[in-house]
There are 2 protein chains.
Amino acid sequence: MKPNIHDVAKIAGVSPTTVSRVLNNRGYISEKTKERVYKAMEEINYFPNDLARSLFRKRTNLIGLIIPNSSNPFFGELAFHIESICTLKGYKLLLCNSLNRKDKEEKYLEMLIRNQVDGVIAVTFNRGILDYHKQNLPIVAIDHYLSNHIPVVGSDNYAGGKKATELLLGKGCKHIVHINGPLELETPANLRRKAYEDVMKEHGRKPVTYEVPFHQNYQEYISRLFDEQPNADGIFASDDLIAAAVLNQAKKRGIDIPNRLKVIGYDGTETVQSLLPDLTTIQQPIELISKKAIEILLKAVDGDFNDLPRETYLPVQVLEGKTT
Amino acid sequence: MKPNIHDVAKIAGVSPTTVSRVLNNRGYISEKTKERVYKAMEEINYFPNDLARSLFRKRTNLIGLIIPNSSNPFFGELAFHIESICTLKGYKLLLCNSLNRKDKEEKYLEMLIRNQVDGVIAVTFNRGILDYHKQNLPIVAIDHYLSNHIPVVGSDNYAGGKKATELLLGKGCKHIVHINGPLELETPANLRRKAYEDVMKEHGRKPVTYEVPFHQNYQEYISRLFDEQPNADGIFASDDLIAAAVLNQAKKRGIDIPNRLKVIGYDGTETVQSLLPDLTTIQQPIELISKKAIEILLKAVDGDFNDLPRETYLPVQVLEGKTT
DNA sequence: CTGAAAGCGCTTACAG
DNA sequence: CTGAAAGCGCTTACAG
């Protein structure tokens, strides 16, 4: 069986209380005792049981992360940064892939509550569910406005949409088409769309937005778009995977990029940048978002509910490649 | 404060023992009592504390996953599948990004032990460390042989290397160059290399293997390769990211693919396939690997240490695109 | 069918 | 500087 604190105490010739004190560096302990305890711990390969410790302290140092899917480059990188920063701060991460399904999100949330996580970071399109279950559980939402009581951290989607559209206009595009996800989902991408449409109107151009179903095979939709918009000379895709599909469709049709058609994407993940270095895109500061989200969450964990910033939007950056 | 089992008991007018029995569906409880208990739990929004339960049962249903980096498409997808399957089987996943650093792996492993995980799935290049700390902790390695006592699950790397090389030869390539990671790392990619070299020799061709440092900026190395190997008419890259770098370098130099040069990668992740659908590659069965790894791990968790398969190699598949 | 008691492995007032 | 006792929130023999 695994050794426990009593085993250590017996070997060191002290009480379990003393061992605990050594473990926690708490109160006065003579150097000699300390050493004996350390030696005993090493001798029997003792590691404290964090379950027991957490049970007593009512603090687990566990954070739950709910994302749609760690396969997606954006979420994969988000998970990486969040986990790394958590570890740096002494927290551990329970990973949950919700596939954007409400039923899964609910189950995960209940699981996290049962496991006494100190807080939750969530990327979810389903409003309300977090609020409902919450009951004092600190939550921070990433990039999605969830409810009045939940802080959001994201990037400046309106600015991103504006930059993308203006870049295309500045390069002389007249007929710019925007591709976005379904409008019903209250995603942050809606702000990108809004910015696109505002800027287009400002410039006396008619906005044309195509909606593609979520995580569908984009090719089919993109192909239809090409058929229906033969005059398009610029495409602003609301994420890089859609932009990649556009690039592929253009290649298939022998459309010269960027001469006949300019394409800009959104997200600018490391993975996509390394696979498609030519793609012009709007880069989100994933690491910064992660940092901010954790910072706010840990404030809430420490009971500091008062001055939590309700909404934090970090700046985006244009990465200009050869597709524009 | 959070309600506990005593609060539920008081409201339902029964003992904590009975509440626990209802919770665990254990022993005989009258329907009436059951109902009263359920109602009480709902009334005060009670969720059992899994910490306490785990402490008693000496079973957490927690699995640790150590991967280099969830940003990488291969590991991101691996994490997704492993987490999904774990959830399906009632397990939860603690995510650890080791960046392939031995010191981090060691710290993570200790953290996992302290948190009483039931088992660990690890992708690591650093042999030995797991073995050292292990002390009865069930571990399964993915794609990397770690030690005699740790089962490995992976794909058939030799077959993959063979298929890749034969495909290029079959298409008429005479001068095939292979790009791989550093040989010192005992990665499974070494088997891909071995297969490449064996097949080349069999066909009376001279194998030429380039080693690129891990996670470096590949472009520079690839560029040198192009300079040094002007006659190369086929390149077999040991992963898709390297293959993508080759594609980009070829584009930069105006080299016609596949006519002047044919390129095949390795991994075949969803992400890379969706971004570079034209890339020919050897696809690893990530979901199947995940399933097998968990299956074996859970066997070990259940104390079934006897007939654990030492090595499991799942079949790979050629995905033929337009780069060959 | 139900309850009181002991214990999982810790930590922390309290006392000395 | 150190220890005995109580308790974190559960579960499970044991007894009735």
Side-chain angles (χ1 to χ4, degrees), chain A residues 1-38 40-41 44-62 110-118 135-136, chain B residues 1-38 40-41 44-62 110-118 135-136:
Chain A
M1 276 290 54
K2 278 182 196 162
N4 62 21
I5 207 172
H6 287 92
D7 301 322
V8 177
K10 209 177 293 171
I11 291 178
V14 295
S15 73
T17 306
T18 298
V19 177
S20 172
R21 271 207 206 82
V22 173
L23 237 31
N24 295 289
N25 232 322
R26 198 172 181 282
Y28 305 90
I29 324 123
S30 72
E31 270 310 315
K32 225 172 56 190
T33 309
K34 242 187 213 174
E35 244 170 61
R36 282 221 311 270
V37 171
Y38 279 130
M41 295 197 301
I44 59 175
N45 225 293
Y46 169 77
F47 291 100
N49 183 328
D50 271 356
L51 249 46
R53 183 178 282 185
S54 296
L55 183 59
F56 184 89
R57 290 202 184 140
K58 295 170 179 301
R59 195 74 139 51
T60 53
N61 277 34
L62 232 36
E110 184 176 328
M111 178 277 275
L112 295 172
I113 290 172
R114 285 170 179 255
N115 281 275
Q116 314 299 116
V117 295
D118 292 338
Q135 43 175 22
N136 287 319
Chain B
M1 278 287 56
K2 276 184 199 163
N4 63 21
I5 208 172
H6 287 92
D7 301 320
V8 176
K10 209 177 294 170
I11 291 180
V14 296
S15 74
T17 307
T18 299
V19 176
S20 171
R21 271 205 206 86
V22 173
L23 239 30
N24 295 290
N25 232 322
R26 197 171 180 281
Y28 305 90
I29 324 123
S30 72
E31 269 311 312
K32 224 171 58 188
T33 308
K34 241 186 213 173
E35 244 169 62
R36 283 220 310 270
V37 170
Y38 279 129
M41 297 197 299
I44 59 175
N45 224 295
Y46 169 78
F47 291 102
N49 183 328
D50 271 356
L51 250 46
R53 182 179 282 184
S54 295
L55 183 59
F56 184 92
R57 289 203 187 140
K58 296 167 177 301
R59 194 76 140 49
T60 54
N61 278 36
L62 232 37
E110 185 177 326
M111 178 278 275
L112 294 173
I113 290 172
R114 285 170 179 255
N115 281 276
Q116 316 297 118
V117 296
D118 291 338
Q135 44 174 23
N136 286 319

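Only a predicted model underlies this, so the values are computations on that prediction, with no experimental measurement involved. By convention in this document, chain letters (A, B, ...) are assigned in the order of the sequence lines, proteins followed by strands, and residues within each chain are numbered from 1.
- For Ile5(A) and Lys34(B), each mapped to the nucleotide of DNA chain C holding its nearest heavy atom, the one lying further toward the 5' end belongs to Lys34(B).
- Under the side-chain hydrogen bond (donor to acceptor under 3.5 Å, both in side chains) criterion, Asp50(B) pairs with no residue at all, not counting sequence neighbours.
- In terms of the side chain to side chain contact (heavy atoms under 4.5 Å, CB included) criterion, residue partners of Pro48(B) (sequence neighbours excluded) are, by chain and number, Arg114(A), Leu23(B), Tyr46(B), Arg53(B).
- Residues that satisfy the salt bridge (Lys or Arg N to Asp or Glu O under 4.0 Å) test with Lys58(A), not counting sequence neighbours, are absent from this structure.
- Listed by chain and number, the residues in a side-chain hydrogen bond (donor to acceptor under 3.5 Å, both in side chains) with Asp7(A) amount to none (sequence neighbours excluded).
- A stem is defined here as three or more consecutive Watson-Crick or G-U pairs, each with both distances under 3.5 Å; for DNA chain D these stems are C:1-3 with D:14-16, C:5-12 with D:5-12, C:14-16 with D:1-3.
- In this structure, Arg59(B) places its CZ atom 15 Å from C1' of dT11(D), rounding to the nearest Å.
- The interatomic distance linking Arg114(A) (CZ) with dC10(D) (C1') rounds to 13 Å, in whole Å.
- Scored by the side-chain hydrogen bond (donor to acceptor under 3.5 Å, both in side chains) test, Thr60(A) finds Asp118(A) as partners (sequence neighbours excluded).
- In this structure, Lys2(B) places its NZ atom 10 Å from P of dC10(D), rounding to the nearest Å.
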Go along nucleotides 1-8 of chain D 5' to 3' and tag each nucleotide: B for a protein heavy atom under 4.0 Å from its base, S when only backbone or sugar atoms are that close, - otherwise. BBBBB-BB
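- Taking side-chain N and O atoms only, Asn24(A) has a distance below 4.0 Å to OP1 or OP2 of dT11(C).
- Sorted by first then second residue, the salt bridge (Lys or Arg N to Asp or Glu O under 4.0 Å) pairs that include residues 16-34 of chain B, not counting sequence neighbours, are Glu31(B)-Lys34(B).
- Applying the side-chain hydrogen bond (donor to acceptor under 3.5 Å, both in side chains) criterion to Thr18(B), with sequence neighbours excluded, gives Ser15(B).
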